[in-house]
Protein chains: 2
Amino acid sequence: MSNSQATSINALLTPTSYLVLGLLAREGPCTPYDLKRHVAATIGHFWSFRHALLYKEPPRLVELGLATEEREQAGRRRRLFTVTAAGIDAVRAWLERPSRESTELRDPGLLQLFFADLASSDVRRALVLEQLAIHRAKLVEYEAEARLERGSDRPLPGHRTVEHWRGQTLSMGVRYERAAVDFWQGVATTIAADEAAAV
Amino acid sequence: MSNSQATSINALLTPTSYLVLGLLAREGPCTPYDLKRHVAATIGHFWSFRHALLYKEPPRLVELGLATEEREQAGRRRRLFTVTAAGIDAVRAWLERPSRESTELRDPGLLQLFFADLASSDVRRALVLEQLAIHRAKLVEYEAEARLERGSDRPLPGHRTVEHWRGQTLSMGVRYERAAVDFWQGVATTIAADEAAAV
DNA sequence: CCTATCATGTAATCCGTTACATGATTAT
DNA sequence: ATAATCATGTAACGGATTACATGATAGG
């Protein structure tokens, strides 16, 4: 076991690194575009990894000896990346150290609400209704996808599949959006009441 | 109105910019440390703005003519920033364009769960329990603070105060953490059932 | 055949983080 | 007094975003 190496390497890796390593580890060799597709299906819904990132990260991993690259000579010159044993070690080591950092919940709409007192009540209302609409739409979207997932996922207890954990991730998304819809609905109601009282 | 200017300037501003501008607009002149304190109380709970950022952003705003700086000559040489009329215009313009970008929900723990199939069931369990603990702690923390806020906030309907919107922000945090606790609790239960079935 | 969208890649810029430093206050 | 923590600031590095660019594929 090259664990002594793995632990020092882990200091150099970001969440993006683990995303890529993890995907390479379980989906097999990928082009950056493959990575993009895998990401888009789940985590990508609420943790955006821009495509340029997924093109830049793998080479970094290659430098660290955690992946290898193979490049097409034909027209597209695709870059195909494969995880190395050291790469898998790094993922394992990462999973063995449960993250203690708390969630970054960056919602531009919420930031605007935070400054709602600086706006007129018209502006405020528009703002709130927009957020409500956004979160409702997202909720519908996630729920639809969650249903799809569940269709193909018939887990035998005690033997959870890849799809199972993917589905779980999505389900957190659903829960968040539900909470958000409730929240903004409450805000909208309050505002409406205020306007009625102001007449 | 210098709205034609304001709109072009808005393209150069980040959420951080609006955070600073907004705070300067409603709390009055601030040192970077003041900003830090204001942030820590609310949004800072789930959208971390490191202190170095809050020292770097204001000068940027000064360059753009959205704020002015005054510096102490005495021992501490504090930098005191004040928002300009153009700065206030920029905030207003921003609020008038409800953000359409969806929430970035960056949870390292969830990323780990996403790759749970790559770990042993022991590692998996540790992971889940850790997240559950984290979110429970956060929930307690937020709820406590939300109670404090509500103590000082006695809103007359139709006349919401600054504190009111601050409180709202926190309340979204509470909702998120509740959702997270539910979620991880569910995962923990499933895992426990699996382990029982595996014997 | 042409247009739109998908697929693929790179370079430059810049925001945000990490790291470093030190001056004041408070507590012990 | 002295340690510890709060308060304040800057510099450097690097990851992430924006912007640019073009090769394939499919639909009309």
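Letters go in sequence order (proteins before strands), and every chain restarts at 1.
- Using a 4.0 Å heavy-atom cutoff across all strands shown, B/R37 reaches no nucleic acid atom at all.
- Minimum interatomic distance between B/Q112 and A/L95 (heavy atoms only, all atoms of both residues): O-CD2, 3.6 Å.
- For the pair A/L53 and B/D34, both in contact range of DNA chain D, the more 5′-proximal nearest nucleotide belongs to B/D34.
- The distance from atom CZ of B/F81 to atom C1' of D/dT8 is 12 Å, rounded to the nearest whole Å.
- For the pair A/Y176/B/Y176, a side-chain contact is recorded, criterion being any heavy-atom separation below 4.5 Å from C-beta on.
- A/L61 places its CG atom 13 Å from the C1' atom of D/dG15, with the value rounded to the nearest Å.
- Of all nucleotides listed (C/dT8, C/dA11, D/dA12), D/dA12 comes nearest to the side chain of B/K56.
- The minimum heavy-atom distance linking B/F49 with B/L54 is given by the pair O-CD1, 4.1 Å.
- Among the nucleotides C/dT17, C/dG9, D/dG9, the one closest to the side chain of A/H51 is C/dG9.
- Listed nucleotides: C/dC15, C/dG9, D/dG15. Nearest to the side chain of A/R60: D/dG15.
- Protein atom CG of A/L13 is 11 Å distant from nucleotide atom P of D/dA16, rounded to whole Å.
- Rounding to whole angstrom units, CG of residue B/L35 and C1' of C/dG16 are separated by 16 Å.
- For B/K36 and C/dG16, the NZ to C1' distance is 16 Å, given to the nearest whole Å.
- The nearest whole Å value for the distance from the OH atom in A/Y18 to the P atom in D/dG15 is 13 Å.
- In this structure, the CG atom of A/L12 is 15 Å from the C1' atom of C/dT17, given to the nearest Å.
- Among the nucleotides D/dA12, D/dT10, D/dA16, the one closest to any side-chain atom of B/R79 is D/dT10.
- Distances were taken from every side-chain heavy atom of B/S48 (C-beta onward) to each of C/dT17, D/dG9, C/dG9; the shortest belongs to C/dT17.
- Side chain of B/A52, nearest nucleotide from C/dG9, D/dG9, C/dT18: C/dT18.
- B/Y142 and B/H45 have tilted rings, their planes meeting at an angle from 30° to 60° on a 0 to 90° scale.
- Between C/dG16 and B/T16, a contact under 4.0 Å exists linking OP1 or OP2 to a side-chain N or O.
- For the pair A/R78 CZ and D/dG23 C1', the computed distance is 11 Å after rounding to whole Å.
- With no hydrogens or angles considered, no side-chain donor-acceptor pair links A/E101 and A/S99 at under 3.5 Å.
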